[in-house]
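Letters A, B, ... mirror the listed sequences (proteins, then strands); counts begin at 1. From a predicted model like this one, the values you see are computed outputs, not experimental measurements.
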Protein chains: 2
Amino acid sequence: MLSTMTNATSTTGDTAGGTARRAPETVQRLIDAAADAFADKGFHATTTRDIAARAGLSPAGVYVHFASKEDLLFQLSHQGHTAALELVQAARERAASPRDQVAAIVSDFARWHAEHFRTARIVQYEFPHLSPEHRDQVRAQRKQIDAVVRQVLAAGVRAGDFEVPDVPGTTLALLSMCIDVARWYEPGTRRTPEAIGTAYGELAQRLVRP
Amino acid sequence: MLSTMTNATSTTGDTAGGTARRAPETVQRLIDAAADAFADKGFHATTTRDIAARAGLSPAGVYVHFASKEDLLFQLSHQGHTAALELVQAARERAASPRDQVAAIVSDFARWHAEHFRTARIVQYEFPHLSPEHRDQVRAQRKQIDAVVRQVLAAGVRAGDFEVPDVPGTTLALLSMCIDVARWYEPGTRRTPEAIGTAYGELAQRLVRP
DNA sequence: GTCTATACCTTGATAGAC
DNA sequence: GTCTATCAAGGTATAGAC
């Protein structure tokens, strides 16, 4: 799937069959360090020295595992989108009716953007700083997330459970609502991530009811 | 109101009574140049050299009018938030009933985030890069926008036109929906800014109906 | 109020020993 | 696979002439 990955990072691709055996531990530590740094200061304001230090490596140590700072951002974005997609798919499978599916998906998606708001901010807002090739890959992941919601809305309309004049537009609006949580949420916000999720799930149901 | 403005930029404050007479033309040209540059590359990736060049000045010319690059970001953010607030207030005054007011506000706010998506992105997503003092000032402007929507929702509930279990939460969700337009919109998107506005206004009405 | 020139610093990334 | 040392480039901001 990630056939255009750089050599420097192809060792991360052990999700396929577990053939890779070369210590991916440092790689993940670097990704986590980058996530912290990018979340604190933004992609461009973060130095590779800072990332290396947070991971307990020398500045040069980064380049053994990643081709560039941008490559680090890509791996991080890719992991984040994968997590989000799996979350949304799991929510759909967990619920039976379109009504419950919409609530489950929106609830979990919003909650994820609150709980992981640091990662989510990078994933959503540093996207323009990816290279064109990496942007394309992430865009493909985003389309998959969008497709899940759109299909559920369409199913609900077909079943007569929903009244949605504009399915693609409403899909986008629902996802927007959740994604924007990452922008405004911070620890100590009035509501917990769980409460935000529940509230947004109910808002979604109100929006699509006939 | 902007009493804590830096000296370097206080000449911009001629909105009060028109007492300032010192060519604010170059100042605005610099702000516009910064807007273009920040939108293209982000705040931190933009160089002061680039801003100066776009405004037709030497690198040093910037510092006659602004104390720092961050100061430029603040002026730009402040102008953007002022425009957005005025837009929202105008929409409320234009409509009579809470139902029409919600539609007008959400429609215009969403449309603004599409039409001015370059400015809006800076305004919304470079916010963390403002200095603490400047962040406070912008936060105050945001609260004013939020208050307008919240009051309209509350009025609609009182009048029995709306059913909104959670007024502050729904206010936030409606604004979120609109703000996120700036993230995904780009010229050539399926729908025009006007169509997006209309669609979002209708979504808002669906969301709050009893 | 704008320029040229530049100080002074940090950046991303590489070379080569171990 | 990690280090120390370092490069070339480019960063913000200032000094001082005009």
Side-chain angles (χ1 to χ4, degrees), chain A residues 6-14 20-38 40-76 122 126 128-131 134, chain B residues 6-14 20-34 37-38 40-76 126 129-131 134:
Chain A
T6 63
N7 288 334
T9 56
S10 59
T11 52
T12 322
D14 53 359
R21 283 279 170 273
R22 278 157 295 166
E25 196 191 277
T26 309
V27 167
Q28 191 58 49
R29 218 173 56 244
L30 274 165
I31 293 181
D32 292 344
D36 282 346
F38 292 160
D40 282 349
K41 322 206 267 182
F43 173 71
H44 265 106
T46 297
T47 66
T48 54
R49 283 168 167 79
D50 185 7
I51 296 168
R54 289 185 198 235
L57 286 181
S58 74
V62 176
Y63 294 90
V64 176
H65 305 282
F66 295 91
S68 65
K69 193 173 83 165
E70 186 274 339
D71 191 24
L72 214 23
L73 173 62
F74 169 63
Q75 298 300 330
L76 176 48
I122 301 162
E126 306 289 12
H129 296 125
L130 290 170
S131 73
H134 288 160
Chain B
T6 63
N7 288 334
T9 57
S10 58
T11 51
T12 322
D14 53 0
R21 285 279 170 271
R22 278 157 296 166
E25 194 191 278
T26 308
V27 166
Q28 191 58 49
R29 217 172 59 242
L30 276 165
I31 292 181
D32 293 344
F38 292 161
D40 282 348
K41 322 209 267 181
F43 174 70
H44 265 106
T46 297
T47 66
T48 53
R49 284 169 163 81
D50 186 7
I51 296 168
R54 289 185 198 235
L57 286 181
S58 73
V62 175
Y63 294 91
V64 176
H65 304 284
F66 296 91
S68 65
K69 194 172 81 165
E70 187 275 337
D71 190 24
L72 215 23
L73 173 62
F74 169 64
Q75 298 300 329
L76 176 48
E126 306 289 11
H129 297 125
L130 289 170
S131 73
H134 287 160

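- In this model, the phosphate group of C:dG1 is not approached by any side-chain N or O of B:Ser58 to a distance below 4.0 Å at OP1 or OP2.
- The backbone N or O of B:Lys41 sits nowhere less than 3.5 Å from a side-chain atom of B:Thr46 that would complete a donor-acceptor pair.
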Determine whether A:His44 and A:Phe38 satisfy the following criterion, side-chain contact (heavy atoms from CB on, under 4.5 Å), listing intermediate values before the conclusion. CA-CA 8 Å; A:His44 265 106; A:Phe38 292 160; over 6 Å; no
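- Across the protein-nucleic acid pair, A:Arg29 atom CZ and D:dG1 atom C1' stand 12 Å apart, rounded to whole Å.
- In this structure, a donor-acceptor pair under 3.5 Å is absent between the side chains of A:His129 and A:Glu70.
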Listing time: all N or O pairs from protein to nucleotides 10-16 of chain C that are below 3.5 Å?
residue, atom, partner, partner atom, Å
C:dG12, OP1, A:Thr46, O, 3.1
C:dG12, OP1, A:Lys69, NZ, 3.0
C:dG12, OP2, A:Thr48, N, 2.9
C:dG12, OP2, A:Thr48, OG1, 3.2
C:dG12, N7, A:Arg49, NH1, 3.0
C:dG12, O6, A:Arg49, NH2, 3.3
C:dA13, OP2, A:Tyr63, OH, 2.8
C:dA13, OP2, A:Lys69, N, 3.2

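- Taking the six-membered ring where tryptophan is involved, the planes of A:Phe74 and A:His134 are essentially parallel, since the angle between them stays under 30° and well short of 60°.
- A salt bridge between A:Asp40 and A:Arg54 is present, with a side-chain N of the basic residue lying under 4.0 Å from a carboxylate O of the acidic one.
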